[in-house]
Amino acid sequence: MFQWKRLENLITLAKENVNKMNRNPALQAKNTQRSRSWQVEKKLDLTDTIKDGAKMFLVDAGIRRQLILALTEDSKLHIQELVDIYRLVEDDVDIPSVAFEVLQDLPSFTREFLLSWSDSVLSNR
């Protein structure tokens with residue numbers, strides 16, 4: 001069974017660690033000269049995680065199957081759990097930035113997806 005609460009707890013812990021780092025005087029002193037870039041670093045950046053997750057979802061049939069099973073466990077759609085996770089990260093995810101990065105990597109994603117698909121088709125013969 002997928003542990004939705006555990007995922008929520010991991011996200012909460014990551015956000016708490018970012019907040020602790022933001023309050024660390026040593027880190028603040030280092031970044032006084034780079035105050036503008038420091039503003040960007042204050043948040044939990046999930047861009048690469050989302051991008052890598054999307055890539056894994058496209059390429060790996062096993063991951064797709066597990067995700068679908070997690071979303072439909074116990075003959076129930078786990079929409080509320082997804083909404084809860086989204087609410088935890090909505091302030092930390094810059095949707096236009098993520099979409100732009102995914103679109104930039106679209107040729108690479110497409111290539112990996114097609115290679116994975118052709119491998120699965122050819123292995124079935």
Side-chain angles (χ1 to χ4, degrees):
M1 288 184 66
F2 189 80
Q3 298 177 1
W4 293 97
K5 207 59 167 165
R6 186 172 185 177
L7 179 58
E8 286 181 35
N9 290 339
L10 286 171
I11 292 169
T12 302
L13 285 171
K15 289 176 88 166
E16 286 173 4
N17 283 336
V18 168
N19 288 334
K20 284 180 187 176
M21 289 175 61
N22 289 335
R23 291 191 305 266
N24 184 335
L27 290 175
Q28 289 176 351
K30 273 185 180 179
N31 290 297
T32 53
Q33 294 174 350
R34 295 183 300 156
S35 61
R36 186 171 183 179
S37 66
W38 177 243
Q39 294 298 324
V40 174
E41 294 172 17
K42 282 186 174 183
K43 285 186 166 185
L44 178 65
D45 186 7
L46 297 171
T47 305
D48 289 335
T49 305
I50 292 170
K51 196 167 69 169
D52 291 343
K55 183 188 279 187
M56 288 300 298
F57 180 78
L58 285 175
V59 172
D60 192 333
I63 295 288
R64 274 195 307 273
R65 190 176 317 108
Q66 287 178 350
L67 184 59
I68 291 169
L69 288 173
L71 291 172
T72 58
E73 218 164 41
D74 299 328
S75 299
K76 169 187 167 191
L77 283 176
H78 292 270
I79 301 299
Q80 187 57 48
E81 288 85 347
L82 282 175
V83 169
D84 293 342
I85 298 296
Y86 176 74
R87 285 190 180 136
L88 274 175
V89 298
E90 69 182 329
D91 294 334
D92 299 307
V93 176
D94 180 15
I95 300 295
S97 171
V98 171
F100 179 74
E101 288 205 26
V102 168
L103 285 175
Q104 271 187 319
D105 289 344
L106 191 60
S108 169
F109 283 171
T110 305
R111 179 182 182 279
E112 288 186 42
F113 173 73
L114 290 174
L115 285 173
S116 169
W117 177 76
S118 66
D119 285 345
S120 69
V121 168
L122 292 174
S123 68
N124 289 335
R125 290 186 174 213

**Report entry** Cluster check V18, L13: I/L/V/M/F/W/Y, side chain < 4.5 angstrom
**Finding:** no
**Report entry** A54: partners by side chain to side chain contact (heavy atoms under 4.5 Å, CB included), with sequence neighbours left out
**Finding:** none
Query raised in the report: Hey, quick one: are L82 and V93 part of the same hydrophobic cluster, counting side-chain heavy atoms closer than 4.5 Å, chains of contacts allowed?
Result: yes
Query raised in the report: Rounded to the nearest 0.5 Å, what separation is found between the CD1 atom of I95 and the CD1 atom of I50?
Result: 6.0 Å
Report summary line: d(E73 CD, H78 NE2) to nearest 0.5 Å is 5.0 Å
Requested in this report: Hey, could you give me the CH2/CG distance between W4 and N9, rounded to the nearest 0.5 Å?
Outcome: 14.0 Å
Query - Check against side-chain contact (heavy atoms from CB on, under 4.5 Å), D92 and D45 - result: CA-CA 6 Å; D92 299 307; D45 186 7; over 6 Å; no
Report summary line: Interatomic distance, CZ@R64 vs CD1@I68, rounded to 0.5 Å, equals 7.5 Å
Query raised in the report: Is there a side-chain contact (heavy atoms from CB on, under 4.5 Å) between I85 and E81 once you walk through the steps?
Result: CA-CA 6 Å; I85 298 296; E81 288 85 347; 5.5 Å; no
Query raised in the report: When hydrophobic residues are tied together by side-chain contacts of less than 4.5 Å, even through go-betweens, does L71 share a cluster with V89?
Result: yes
Query raised in the report: Can you hop from F113 to M56 via hydrophobic side chains spaced under 4.5 Å?
Result: no
Sequence neighbours left out, cut at 3.5 Å: what donor-acceptor pairs do the side chains of residues 101-112 make with other protein atoms?
{"from": "E101", "atom 1": "OE1", "to": "K51", "atom 2": "NZ", "distance (Å)": "3.3"}
{"from": "D105", "atom 1": "OD2", "to": "K51", "atom 2": "NZ", "distance (Å)": "3.1"}
{"from": "T110", "atom 1": "OG1", "to": "L106", "atom 2": "O", "distance (Å)": "2.7"}

**Report entry** More than 12 heavy atoms from other groups under 6.0 Å of CZ on F100
**Finding:** no
Report task. Quick one: pull up NZ in K55 and CD1 in I63 and give me the separation to the nearest 0.5 Å. Result -> 14.0 Å
Query - Close side-chain approach of F57 to L67, heavy-atom, < 4.5 Å - result: yes
Query raised in the report: How many angstroms lie between CG in L88 and CG in L7, if you round to the nearest 0.5 Å?
Result: 8.5 Å
Report task. Spell out, as yes or no, whether a donor-acceptor pair under 3.5 Å connects the side chain of D74 to the backbone of K76. Result -> no
**Report entry** Cationic N near anionic O, under 4.0 Å, R87 to E90
**Finding:** no
